[in-house]
Every structure is written in structure tokens, then in C-alpha cells.
Amino acid sequence: MRAIALCLLAAAACHSEATRVPPAPSGSAAPGPGSATAVAAPVTAAPMHAAAAPTPAGPTGSIAPPGTVGTCRANPPKVAGVDDGHQPVANAACPTPMEMSRGNGLDSVKDPPVSPSITPGWDLDATRDYACAYACAAPGSKAYLLGWSIEEDDRPLRNHHAAYLIEHASTEGPPKWTIVIMYRHSWNQWWNIITSMHSPTHAVIDAPRRPTVAETEQVLAENGWRYAADGGFKLLAAHMVDEAWSIALGGPPTQRFPKGVEP
């Protein structure tokens with residue numbers, strides 16, 4: 001998309017509030033996995049060594065569930081029920097993240113029951129389009145759904161959460177990987193990212209090389225990804241997509257949702 005090309009020519013301005021993970025000094029130890037529940041404040045993203053050895057490919061025969069691994073699209077189709085200003089192609093202009101935060105989450109929509117499953121009942125192609133847009137990823141970049149969850153409180157208010165790893169296309173220049181953490185209220189068809197000038201966490205985190213499993217888990221834990229609901233919410237269904245982790249990072253995640261929530 002032309003907007004993505006313009007964004008890539010001015011990379012320093014792209015997502016001015018997003019954390020950019022610098023390469024760590026040579027020889028420093030790789031961080032271990034972070035906490036799977038609370039997010040400490042203040043926090044910083046996990047350092048990643050630019051000169052680390054390449055991550056091995058996923059196990060032979062690994063096949064990711066349908067929709068969890070795909071390619072960023074140049075001209076994604078419109079998402080039904082979403083106005084033009086909130087479509088993925090609009091986000092691909094790389095706006096200030098705060099411009100895409102909207103909605104107070106209160107609505108009279110009655111959500112259907114959900115149960116544990118491998119993939120959620122969402123339009124995963126559209127979900128991927130939003131993740132690619134927030135990462136300012138060029139067409140042909142690879143997007144991996146790392147995990148998802150659905151939670152609800154007693155209002156009832158239901159929220160969806162999704163975490164992606166984006167492997168940017170080589171046409172973009174130097175190697176880059178981006179972790180994108182998104183959420184939406186269940187009655188929205190578009191995806192938001194949580195961001196604030198007062199927040200110690202970030203929803204878009206860049207790295208100059210492919211992160212390890214441990215580094216990815218630490219970045220998720222430090223930037224708002226939760227394996228247990230809090231604040232009066234209850235987890236209804238969730239799953240960490242082992243196959244996507246193995247294909248993208250060389251191994252499955254070590255952090256899981258509680259038994260009975262994951263299938």
C-alpha cells in the first residue's frame with residue numbers, strides 16, 4: 001500500500017509512541033521468561049541481541065491451525081460493519097496509536113456462549129490485517145497469531161485479546177520483527193491497541209532480529225498480556241497457538257492459560 005511505503009521511508013516517525021527494542025550489548029545474557037500474571041511498573045521490553053544465532057525452523061511436519069499463520073495483504077478487503085476511517089487500510093497509514101483508541105465498551109449486544117477451542121470464532125484474516133497495519137508491515141510480511149483470549153465481566157462486557165508476531169518482508173530493509181498486542185470489545189469489528197503517555201506498557205514492540213521463545217514471553221508479560229483475567233473479569237476461552245510459535249520461533253510457548261480454558 002502506498003501509505004505503508006511512505007511510512008517505511010520515514011521509519012523514525014512511524015508509531016512514535018511504540019517501543020523500539022534496541023540490540024543488547026554483545027555478550028550479555030539472554031533474559032528468561034517473565035511473569036505470566038501481573039505486569040510490574042515501570043517495565044522495559046526484553047533486550048534482544050542483534051548478533052544471536054539464527055532460530056531453527058519449526059519441527060518437521062508442524063502445521064498451524066487454519067488462519068493462524070498468513071501473509072500481510074497489500075489491499076485487504078473491507079471489514080464488514082466498519083466505516084472507511086477504521087478499516088485496516090486506514091490504520092496502514094501508521095497513525096499515532098492514540099488516534100485508533102475508541103469506544104467505551106458498553107453496549108446492549110448479547111454475546112453468544114463460547115467454549116474452549118483451538119481458534120476463536122473471529123475473522124482471522126481481518127484480525128491479521130489489523131496486526132499488520134499496526135506493525136507498519138509491507139505486503140508479503142509474515143504474521144503469526146501467538147495467542148488469543150476472550151474474557152467477560154458481569155455487566156456483561158466481553159473483550160477479545162490477540163497477540164501477533166510480524167516478520168517483516170525483506171523488501172522493507174534491515175531485518176525487523178514486531179510483536180503486536182491488540183484488543184477489542186466483542187461488539188466491535190475493528191481492533192484497538194492499548195496505549196497512553198502514562199502507561200509503562202506498549203502494544204507495538206520492534207526487534208532487530210527474530211526473538212527467542214523466552215524473549216517473546218517476557219515481552220508479552222511486560223506489555224499487558226495476561227494468562228489470567230482480573231478486575232472482575234472471567235476467562236471464557238483462550239489458547240496459545242503452539243504451531244505458530246514453533247514455525248516462527250522454533251519451539252512452543254512455556255506459559256499457558258489455566259486448564260479448562262485452553263482446549
Side-chain angles (χ1 to χ4, degrees), residues 18-21 23 30-34 36 45-73 118-120 122 124-149 161-182 191 193 202-225 227 238-257 262:
T19 296
R20 305 303 181 197
V21 181
M48 301 180 186
H49 306 308
T55 300
T60 301
S62 290
I63 300 177
T68 61
V69 175
T71 301
C72 297
R73 301 189 282 193
I118 298 296
T119 56
W122 309 334
L124 291 180
D125 290 335
T127 303
R128 186 189 317 115
D129 290 336
Y130 278 102
C132 290
Y134 281 120
C136 291
S141 299
K142 291 288 188 180
Y144 305 90
L145 176 60
L146 300 178
W148 61 272
S149 66
H161 300 271
Y164 274 84
L165 174 68
I166 309 297
E167 181 178 357
H168 290 256
S170 59
T171 54
E172 291 192 41
K176 185 169 72 171
W177 284 260
T178 303
I179 295 173
V180 180
I181 303 170
M182 307 187 299
W191 286 87
I193 56 175
H202 301 271
V204 181
I205 306 98
D206 286 345
R209 64 163 178 83
R210 187 188 306 273
T212 65
V213 169
E215 289 168 342
T216 300
E217 290 183 326
Q218 182 170 341
V219 169
L220 289 175
E222 290 179 341
N223 290 283
W225 186 255
Y227 296 89
H239 186 57
M240 299 303 287
V241 187
D242 292 20
E243 297 86 351
W245 284 71
S246 294
I247 294 169
L249 302 171
T254 65
Q255 306 293 331
R256 314 296 315 191
F257 290 100
E262 290 212 43

Heavy-atom pair with the smallest gap, counting every atom of [X] and [Y]:
X: Ala64; Y: Ala244; result: CB-N, 4.4 Å
X: Ala169; Y: Ser141; result: N-OG, 2.9 Å
X: Pro66; Y: Thr119; result: O-CG2, 4.0 Å
X: Ala135; Y: Val180; result: CB-CG2, 3.9 Å
X: Gly251; Y: Val213; result: O-CG2, 3.5 Å
X: Arg128; Y: Gly67; result: NH2-O, 3.3 Å

Let me confirm one number: the [atom1]-[atom2] distance from [X] to [Y], rounded to the nearest 0.5 Å.
X: Asp206; Y: Ile166; atom1: CG; atom2: CD1; result: 10.5 Å
X: Leu249; Y: Glu215; atom1: CG; atom2: CD; result: 9.5 Å
X: Ile63; Y: Thr68; atom1: CD1; atom2: OG1; result: 11.0 Å
X: Thr216; Y: Ile179; atom1: OG1; atom2: CD1; result: 4.5 Å

inquiry  = According to side chain to side chain contact (heavy atoms under 4.5 Å, CB included), who are the partners of Pro252, at least two apart in sequence or on a separate chain?
reply    =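 Once residues adjacent in sequence are excluded, the partners of Pro252 under the side chain to side chain contact (heavy atoms under 4.5 Å, CB included) criterion are Asp242, Ser246.
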What I'd like to find out is whether the side chain of [X] reaches to under 4.5 Å of the side chain of [Y], using heavy atoms alone.
X: Trp122; Y: Trp148; value: yes
X: Glu222; Y: Glu217; value: no
X: Lys142; Y: Thr71; value: yes
X: Val241; Y: Pro65; value: yes
X: Met240; Y: Gln255; value: no
X: Thr127; Y: Pro120; value: no

Candidate pair Arg256 and His239, rule side-chain contact (heavy atoms from CB on, under 4.5 Å), full reasoning = CA-CA 8 Å; Arg256 314 296 315 191; His239 186 57; 4.1 Å; yes
inquiry  = Could you check whether any side-chain N or O of Arg210 sits under 3.5 Å from a backbone N or O of Ala248, counting only pairs where one atom can act as donor and the other as acceptor?
reply    =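 The answer is yes, because a donor-acceptor pair under 3.5 Å joins these two groups.
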query = Looking at residues at least two apart in the chain, or sitting in another chain, which of them share a salt bridge (charged side-chain N to carboxylate O under 4.0 Å, His left out) with Glu243?
reply =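 Salt bridge (charged side-chain N to carboxylate O under 4.0 Å, His left out) check on Glu243 returns nothing, list empty.
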key: Whether Phe257 and Tyr227 hold their rings parallel, tilted or perpendicular, with breakpoints at 30° and 60°   =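 It falls in the tilted class, 30° to 60°.
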Qualifying residue, where the test is side-chain contact (heavy atoms from CB on, under 4.5 Å) with Ile181 and the options are Tyr134, Tyr164, Trp225 =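 With Ile181 as partner, side-chain contact (heavy atoms from CB on, under 4.5 Å) holds for just one option, Trp225.
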